[in-house]
Amino acid sequence: MPANVTSNSSASTPSDSPLHAAVADDFAAVNRTIISQLASRVPLVETIGQYIIASGGKRLRPLLVLLAARALGYQGDKHISLATLIEFMHTSTLLHDDVVDDSHLRRGRATANDAWGNAPSVLVGDYLYSRSFQMMVEIGSLRIMGVLSGATCVIAEGEVQQLTNVGNPDIDEATYFETILGKTAMLFEAASHSGAILAEATPQQETALQHYGRYLGLAFQLIDDLLDYQGDATAMGKNVGDDLAEGKPTLPLIQAISAGTPEQARTIRQAIRQGGLDHLDEVLAIVRDTGALDYTRARAEEMAAKALEQLDLLPASPYRDSMAELARMAVDREA
């Protein structure tokens with residue numbers, strides 16, 4: 001293990017969170033399955049896989065699978081495998097994203113590419129994707145395979161779209177939402193949608209849970225983009241202004257260009273084109289003074305409200321309550 005990496009095999013899991021209480025036993029089973037499914041004859045695969053899996057996070061995507069399935073009365077055990085493979089898909093995207101973005105810090109720890117290099121990170125990401133599709137086949141649902149395989153294509157397109165947006169100050173709000181739907185919200189949507197399919201939901205319930213995941217994912221990404229300009233670096237595990245440094249035109253910047261004076265708009269546009277943090281203080285003042293942060297939060301609250309509306313088609317249960325709380329938490333968090 002590289003010298004700048006410490007072992008975290010005993011890292012705490014989020015299973016004791018109130019959000020996870022309704023499915024605590026299921027979530028513990030997912031954690032065990034994650035470890036068992038990381039097994040590989042190549043030690044570096046296990047080392048990097050365990051490192052990134054143990055690096056923290058709320059594991060919201062597998063949680064969505066468990067809550068969606070249980071909220072619809074599912075009594076089997078395939079939701080454990082489904083939740084695990086969703087987490088593997090998510091983890092693989094993190095490994096690839098950190099290489100593309102040349103990131104060195106995630107959740108307060110060195111990224112895998114910083115510790116082991118780009119090539120091992122990409123290849124272990126490929127391994128986790130492959131393992132997720134093996135598990136998908138074992139579940140044996142062609143409809144779930146269709147949803148998840150389709151989602152992987154949309155996610156990849158979203159990542160490419162985000163890459164092509166870098167340094168472009170002419171990105172509008174519609175294009176921004178299209179991008180974050182692909183890169184973030186699609187896996188949330190696939191998680192809740194596939195959980196509903198596994199539970200043999202009615203067509204109306206299935207559509208509701210599909211849309212719930214989509215709106216939840218959009219709310220989460222909007223708040224992530226907001227926190228890049230007003231968050232606490234220690235809580236986030238990354239630096240304030242990282243998106244600006246990479247030249248990413250996120251909604252706070254898009255709205256600041258729209259609502260600001262011509263001079264303010266020129267400053268933001270220049271900052272996006274150049275990347276880096278030379279204009280960080282000016283940009284922070286502009287996004288605050290133009291109301292761009294309040295606007296971004298309002299859009300996130302709008303998405304969370306739409307997510308909550310979808311839950312009306314589910315029977316009352318602790319699982320539905322947890323899903324409702326998850327939507328509220330999406331816009332009330334600081335990291």
Side-chain angles (χ1 to χ4, degrees), residues 60 90 93-94 96-97 100-101 103 151 153-190 210-231 236 238 240-262 264-277 279-280 282-284 286-307 327 330-331 333:
L60 296 178
H90 175 56
T93 65
L94 298 183
H96 290 161
D97 288 353
V100 170
D101 294 339
S103 299
C153 292
V154 174
I155 292 166
E157 288 175 336
E159 293 293 350
V160 174
Q161 188 171 18
Q162 177 177 256
L163 187 63
T164 61
N165 291 347
V166 168
N168 183 358
D170 296 321
I171 297 301
D172 60 16
E173 185 171 326
T175 301
Y176 164 81
F177 269 95
E178 182 181 329
T179 301
I180 67 171
L181 173 62
K183 70 178 287 290
T184 299
M186 182 51 61
L187 194 53
F188 279 81
E189 176 179 322
Q210 177 185 3
H211 290 166
Y212 167 85
R214 178 185 304 176
Y215 292 129
L216 180 68
L218 291 172
F220 261 90
Q221 188 58 55
L222 282 159
I223 294 298
D224 275 354
D225 292 345
L226 168 69
L227 291 175
D228 195 63
Y229 293 96
Q230 70 171 33
M236 293 189 297
K238 67 172 189 174
V240 172
D242 276 356
D243 288 346
L244 181 66
E246 295 168 13
K248 293 180 179 177
T250 57
L251 189 58
L253 300 186
I254 294 168
Q255 178 61 18
I257 290 172
S258 175
T261 65
Q264 288 173 325
R266 280 194 297 271
T267 298
I268 297 291
R269 294 172 72 86
Q270 183 180 6
I272 293 172
R273 287 194 188 99
Q274 291 182 347
L277 296 175
H279 301 280
L280 178 59
E282 291 176 89
V283 169
L284 289 176
I286 292 170
V287 296
R288 182 185 63 247
D289 294 344
T290 58
L293 298 180
D294 292 337
Y295 178 83
T296 302
R297 180 171 294 280
R299 294 307 312 270
E301 291 172 348
E302 177 187 343
M303 296 301 111
K306 288 183 176 182
V331 293
R333 61 200 172 92

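Keep in mind that the numbers below use all heavy atoms, side chains included, and drop hydrogens, waters and symmetry copies.
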### Atom of Ile223, atom of Val331 and distance for their closest heavy-atom approach
CG1-CA, 3.8 Å
### Query
Got a second to check how far Ile268's CD1 is from Ile257's CD1, nearest 0.5 Å?
6.5 Å
#### Entry: Which atom of Arg333 lies closest to which atom of Phe220, heavy atoms considered
NH2-O, 2.6 Å
#### Entry: Separation of Ile171 CD1 from Ile272 CD1 (nearest 0.5 Å)
9.0 Å
### Message
Can you tell me how far apart OG1 (Thr250) and CG (Asp228) are? Round to the nearest 0.5 Å.
### Response
6.5 Å
### Query
Taking C-beta and beyond as the side chain, do Gln221 and Lys183 meet within less than 4.5 Å on heavy atoms?
yes
### Query
Which pair of heavy atoms, one from Leu280 and one from Gly241, lies closest together, and at what distance?
CD1-CA, 4.1 Å
### Message
Under a plain distance cut-off of 3.5 Å, with no hydrogens placed, do Asn165 and Gln161 share a side-chain donor-acceptor pair?
### Response
no
### Message
Thr290 vs Tyr295, test: side-chain contact (heavy atoms from CB on, under 4.5 Å). Steps then yes/no.
### Response
CA-CA 9 Å; Thr290 58; Tyr295 178 83; over 6 Å; no
### Task
For Asp225 and Ile180, work out which heavy atoms get closest and say how close.
OD2-CG2, 4.4 Å
### Task
Tell me, with the steps shown, if Glu173 and Arg299 meet side-chain contact (heavy atoms from CB on, under 4.5 Å).
CA-CA 11 Å; Glu173 185 171 326; Arg299 294 307 312 270; 2.2 Å; yes
### side chain to side chain donor-acceptor pair (under 3.5 Å) involving His279 - partner list, sequence neighbours excluded
Gln274, Glu282
### Task
Can you measure from CG (Asp170) to CZ (Arg273) and round to the nearest 0.5 angstrom?
7.0 Å
### Summary
Shortest non-hydrogen pair, Ala292 vs Ala256, comes out as CB-N, 3.8 Å
### Message
So, applying side chain to side chain contact (heavy atoms under 4.5 Å, CB included) with Gln162, which one of Thr184, Asp97, Thr179 is it?
### Response
Thr179
### Task
Let me see the working for Ile286 and Tyr229 under side-chain contact (heavy atoms from CB on, under 4.5 Å), right down to the final yes or no.
CA-CA 11 Å; Ile286 292 170; Tyr229 293 96; over 6 Å; no
### Query
Can you tell me how far CG of Leu181 sits from CD of Glu178, rounded to the nearest 0.5 angstrom?
8.0 Å
## Note on the structure
For Ala219 and Ala300, the nearest pair of non-hydrogen atoms, with its separation, is CB-O, 3.7 Å
### Message
How long is the straight-line distance from CD of Gln230 back to CG of Leu227, given to the nearest 0.5 Å?
### Response
6.5 Å
### All side chain to side chain donor-acceptor pair (under 3.5 Å) counterparts of Gln270, not counting sequence neighbours
none
